[in-house]
Amino acid sequence: MPELPEVETVRAGLAPVLTGRRIDAVRVLHPRPVRRHVAGPDAFASALVGRTFAAPRRRGKYLWLPLTDGDAVLAHLGMSGQFRVDAPDAPLQRHARVLVDLGDGVQLRFVDQRMFGGLSISTGGAELPPEIAHIARDLFDPELDMDALVESAASRRSPLKRVLLDQTIVSGIGNIYADEALWRAREHGETPANDLTPDAVRRVLHAARDVMANALVQGGTSFDALYVNVNGESGYFDRSLAVYGRAGQPCHRCGTPISRVPFANRSSHFCPQCQRKPRTRRNPSR
DNA sequence: CTGTGGTCCTGTATGC
DNA sequence: TGCATACAGGACCACA
């Protein structure tokens, strides 16, 4: 699924298109992506007509499209969601789920193969949708309290990688960038977070921020057509990945073959030489 | 409270 | 070729 750099690429692509545009018509082609709107797909569509978008915003992997009246359309891309900007008469994508006509020959499309993500209307959510109040600030949020985050993360007993993926601790990091950050920081994802010193935890978080910043300037990571920007173009960061998707290939630092092991119904990738699981606690003060 | 495992979907790649 | 299986970038919820 798209992680922070991919979602931010989408937000930046939507901003000039959506801001100030009025919604002329909405068509819901599949009910699942609007399942959180309890009044149903037709009510979702009719509720939006005539309203006007303000500038799109993002926290972690959540995106919201504020309306000028104070509500918002809250969006999550899940594993395979895309926003596309097309002409209304352009051929429909195979998994197009929701169409939003914006006038001036612009149609916003929510396309989603697996439909883990979706859209909902957030009442009063223009500033911050209450539905995502539990999502922590991400590593690019100017109001992030890094010291508090380090303290919070370094106090967990959970494996370090699980802490990185916990969106209520720090948001925006997914499986790819967690693995990449751990490799950069030379830490093993199975190490209990509270076995690390706060400084070590801080280094991991800085590595996560750095790798995501690098991905962002390349338009994000994509392995196939599942992640694309609003114009349907792929990013190029996959060429820069050090461990993700490189099982069996040599570590760029030491040449040791990259390991891939099952983790929470997916996989973890790491260098077994550079990223040792410490046998003894390095932070015995805890 | 914290930590963990299963589940929601569809599609593609791989192996027999 | 046909079929079965594994796997895919996430979040949520139930349960221990």
Side-chain angles (χ1 to χ4, degrees), chain A residues 1-10 29-36 58-64 74-83 93-97 110-120 129 131-136 138 152-182 189-195 208 211-212 215-216 218-229 234-248 260-269 286:
Chain A
M1 93 139 213
E3 304 179 35
L4 187 153
E6 293 76 38
V7 179
E8 174 57 21
T9 300
V10 171
L29 307 181
H30 195 297
R32 181 151 180 88
V34 298
R35 62 192 177 280
R36 291 186 66 176
R58 181 190 58 72
R59 173 178 282 193
K61 304 173 209 175
Y62 275 93
L63 201 56
W64 69 98
L74 179 62
H76 198 289
L77 302 180
M79 296 280 254
S80 55
Q82 307 174 0
F83 274 115
Q93 291 82 357
R94 185 175 175 191
H95 302 292
R97 307 301 190 191
F110 183 71
V111 180
D112 192 0
Q113 177 200 103
R114 293 175 69 186
M115 298 185 291
F116 280 16
L119 311 177
S120 59
E131 294 88 343
I132 60 168
H134 64 292
I135 301 294
D138 61 61
S152 163
S155 70
R156 307 289 174 138
R157 255 182 309 173
S158 281
L160 184 54
K161 180 168 175 182
R162 261 201 116 105
V163 171
L164 292 177
L165 294 176
D166 187 334
Q167 305 297 302
T168 68
I169 299 173
V170 59
S171 68
I173 304 171
N175 202 38
I176 294 181
Y177 297 114
D179 282 357
E180 294 297 312
L182 290 165
E190 292 173 20
T191 309
N194 66 356
D195 276 7
V211 70
M212 290 194 291
L216 187 53
Q218 295 182 60
T221 298
S222 93
F223 305 103
D224 49 37
L226 271 192
Y227 168 71
V228 294
N229 69 12
S234 294
Y236 293 101
F237 192 71
D238 55 310
R239 299 175 190 176
S240 308
L241 296 175
V243 285
Y244 191 87
R246 294 195 64 245
R260 173 170 169 261
V261 300
F263 166 83
N265 285 334
R266 44 178 97 86
S267 300
S268 284
H269 310 72
R286 285 165 194 279

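Since the model is a prediction, treat every value here as computed from it, not as a measurement.
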Let me know the distance between CD of Gln113(A) and P of dT10(B), rounded to the nearest Å. 9 Å

Whole Å only: how far is the CZ atom of Arg260(A) from the P atom of dT14(B)? 12 Å

When both distances are under 3.5 Å in a Watson-Crick or G-U wobble arrangement, the nucleotide paired with dC9(B) is none

Are OP1 or OP2 of dT10(B) and a side-chain N or O of Arg94(A) less than 4.0 angstrom apart? no

Atom-pair distance (CG on Leu165(A); C1' on dG3(B)), nearest Å: 14 Å

Under 4.0 angstrom, heavy atoms only, what part of the nucleic acid is Pro159(A) near: base, sugar-phosphate, or nothing? sugar-phosphate

Nearest to the Arg114(A) side chain among dC8(B), dT12(B), dA8(C), which nucleotide is it? dA8(C)

Selection from dC8(B), dA11(C), dG3(B) that lies nearest to any side-chain heavy atom of Phe116(A): dC8(B)

With a 4.0 Å cut-off on N to O distance, would you call Lys61(A) and Asp138(A) a salt bridge? no

Here the distance between atom C1' of dT4(B) and atom CZ of Arg266(A), to the nearest Å, is 13 Å

State whether His76(A) places a side-chain N or O below 4.0 Å from either non-bridging phosphate oxygen (OP1 or OP2) of dC12(C). no

Examine the side chains of Thr9(A) and Asn229(A) and answer whether a donor and an acceptor come within less than 3.5 Å of each other. no

For dT2(B), which nucleotide in any strand shown is its Watson-Crick or wobble partner with both distances under 3.5 Å? dA16(C)

Would you say a side-chain N or O of His95(A) is under 4.0 Å from OP1 or OP2 of dT10(B)? no

The residue, Arg157(A) or Arg32(A), whose nearest nucleotide of DNA chain B is more 5′ is Arg157(A)

dG11(B) and dA11(C), which share atom name P, separated by this distance in whole Å: 22 Å

His134(A) NE2 to dC13(C) C1', in whole Å, measures 11 Å

Ignoring hydrogens and angles, tell me if any N or O in the side chain of Gln82(A) forms a donor-acceptor pair with the backbone of Asp112(A) under 3.5 Å. no

From dG5(B), dT7(B), dC12(C), nucleotide with atom closest to Asn265(A) side chain: dT7(B)

Whole Å only: how far is the CZ atom of Arg35(A) from the C1' atom of dT7(B)? 12 Å

Kindly assign one of parallel, tilted or perpendicular to the pair His76(A) and Tyr62(A), based on the angle between their ring planes and the thresholds 30° and 60°. perpendicular

Under 4.0 angstrom between Ser267(A) side-chain N/O and dC7(C) OP1 or OP2: no

So what does Phe263(A) hit on the nucleic acid, given a heavy-atom distance under 4.0 Å: a base, only sugar-phosphate, or nothing? nothing

May I have the distance from Leu29(A) (atom CG) to dT10(B) (atom P), rounded to whole angstrom? 15 Å

Rounded to whole Å, CZ of Arg36(A) lies from P of dC8(B) at a distance of 18 Å

Quick check against the 3.5 Å criterion: does Gln113(A) have a side-chain atom that pairs as donor or acceptor with the backbone of Gly81(A)? no

As a quick check of understanding, evaluate salt bridge (charged side-chain N to carboxylate O under 4.0 Å, His left out) for Asp179(A) and Lys161(A), giving each step before the final call. CA-CA 8 Å; Asp179(A) 282 357; Lys161(A) 180 168 175 182; 2.7 Å; yes

